[in-house]
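Presented below is the structure to which this report refers.
No hydrogens, no waters, no symmetry mates; every other heavy atom, side chains included, goes into these values.
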Amino acid sequence: MQGSARRRPFPAAGPGSPPPVGPLYPGRHGVGKAEDTSRTAPFHLDLWFYFTLQNWVLDFGRPIAMILLPLEWFPLNKPSAGDYFHMAYNVITPFLLLKASPRCPQGVPVCPQLIERSPRTLPRSVLYVSIITFVMGASIHLVGDSVNHRLIFSGYQHHLSVRDNPIIRNLKPETLIDSFELLYYYDEYLGHSMWYIPFFLILFIYFSGCFTPAAQRGRMPLAALLLVGPSSLYYWYLVTEGQIFILFIFTFFAMLALVLQQRRKGLALDSNGLFLLHSFLLALLLILAWVGCLWNDATLRRKYPGVIYVPEPWAFYSLHLRAAASA
């Protein structure tokens with residue numbers, strides 16, 4: 001009796017019942033057949049709306065909140081309003097990447113927001129390491145960015161390098177300058193790299209699954225067209241303020257190369273892939289326009305002396321707008 005109970009066969013699916021799912025069945029994590037992943041996916045309005053909203057409020061809105069809210073509400077020896085925005089971003093963004101969505105395809109009881117809405121996904125170990133690295137990098141940036149922004153109220157000029165700042169240059173002993181340069185390194189280099197590399201990797205893996213047969217080529221609905229502008233403007237801010245132009249342009253060219261490769265196989269982008277590609281393209285045009293407008297700025301040129309010249313919006317504010325805003 002016990003042996004027969006253990007060998008109980010799986011229940012047969014009726015004509016009206018959804019197909020079974022689980023590790024023994026194909027169709028999950030990119031294991032299914034080609035015809036299982038070739039159906040045109042609907043535009044994930046909830047996914048992209050939540051991402052755009054939280055990026056604008058919690059990331060783009062951080063410095064704005066710090067500037068507008070009165071200083072007496074957040075003393076210099078306590079976290080600022082922008083720091084609390086950053087803390088929320090560090091929690092909500094991984095949650096959106098991993099959260100179980102109730103709006104899943106028929107027969108799939110659990111489908112995380114971004115990662116598993118694409119037929120192609122990362123191995124679980126790589127996925128977890130990517131998310132952990134993302135959170136750690138964003139947390140490192142939180143500490144460094146918080147101190148750097150608080151230094152502005154003491155006279156720190158963001159459009160100058162650490163050693164060129166008057167309040168840093170006069171520090172005694174001089175080894176303190178090395179400590180501030182270490183803080184700047186954690187903020188602008190290590191934190192940004194650990195934060196943005198996993199983020200763009202996950203976006204590219206998602207994009208690689210946004211293809212459908214050319215005969216079923218997707219079109220961008222009105223909601224997607226309305227979201228392209230805010231999404232691309234955020235990517236402009238992300239690239240310029242985060243100083244990650246090389247990572248961004250490499251990801252964009254990889255997306256274009258993948259589109260050309262898949263076109264030879266008779267595949268075209270669905271609405272989600274078109275949304276991502278158009279957002280990146282418009283963001284690139286905004287970056288080029290930004291660089292062109294500030295091309296002859298001698299002060300910013302001194303801070304960004306390399307071949308790739310992409311000034312930060314916060315440095316532009318510190319140099320040209322801060323005095324007018326405080327007047």
Other ILVMFWY residues reachable from V143 by side-chain steps of under 4.5 Å: none
With sequence neighbours excluded, residues passing ring-ring contact (aromatic ring centres under 6.0 Å, His included) with Y235: F280
Pairing residues for L182 by the side chain to side chain contact (heavy atoms under 4.5 Å, CB included) criterion, not counting sequence neighbours: Y186
Contacts of type side chain to side chain contact (heavy atoms under 4.5 Å, CB included), residue A88, not counting sequence neighbours: L58, I92
Any residue meeting ring-ring contact (aromatic ring centres under 6.0 Å, His included) with Y234, in chain and number order, not counting sequence neighbours: none
Set of ring-ring contact (aromatic ring centres under 6.0 Å, His included) partners for W290, sequence neighbours left out: W236, F316
For Y309, side chain to side chain contact (heavy atoms under 4.5 Å, CB included) partners two or more places apart: V291, L294, W295, D297, L300, R301, Y304, P311
Residues forming a side chain to side chain contact (heavy atoms under 4.5 Å, CB included) with E241, sequence neighbours excluded: H158, Y237, E312, P313, W314
Inter- and intrachain pairs under side chain to side chain donor-acceptor pair (under 3.5 Å), touching residues 145-157, at least two apart: R62-D145, D83-S146, N148-D187, Q157-H159
Pairs satisfying side chain to side chain donor-acceptor pair (under 3.5 Å), at least one member in residues 244-257, at least two apart: none
Side chain to side chain donor-acceptor pair (under 3.5 Å) contacts touching residues 166-179 (sequence neighbours left out): R163-D178
Remaining members of the apolar cluster that contains L69, side-chain heavy atoms under 4.5 Å: W73, F74, Y84, M87, L142
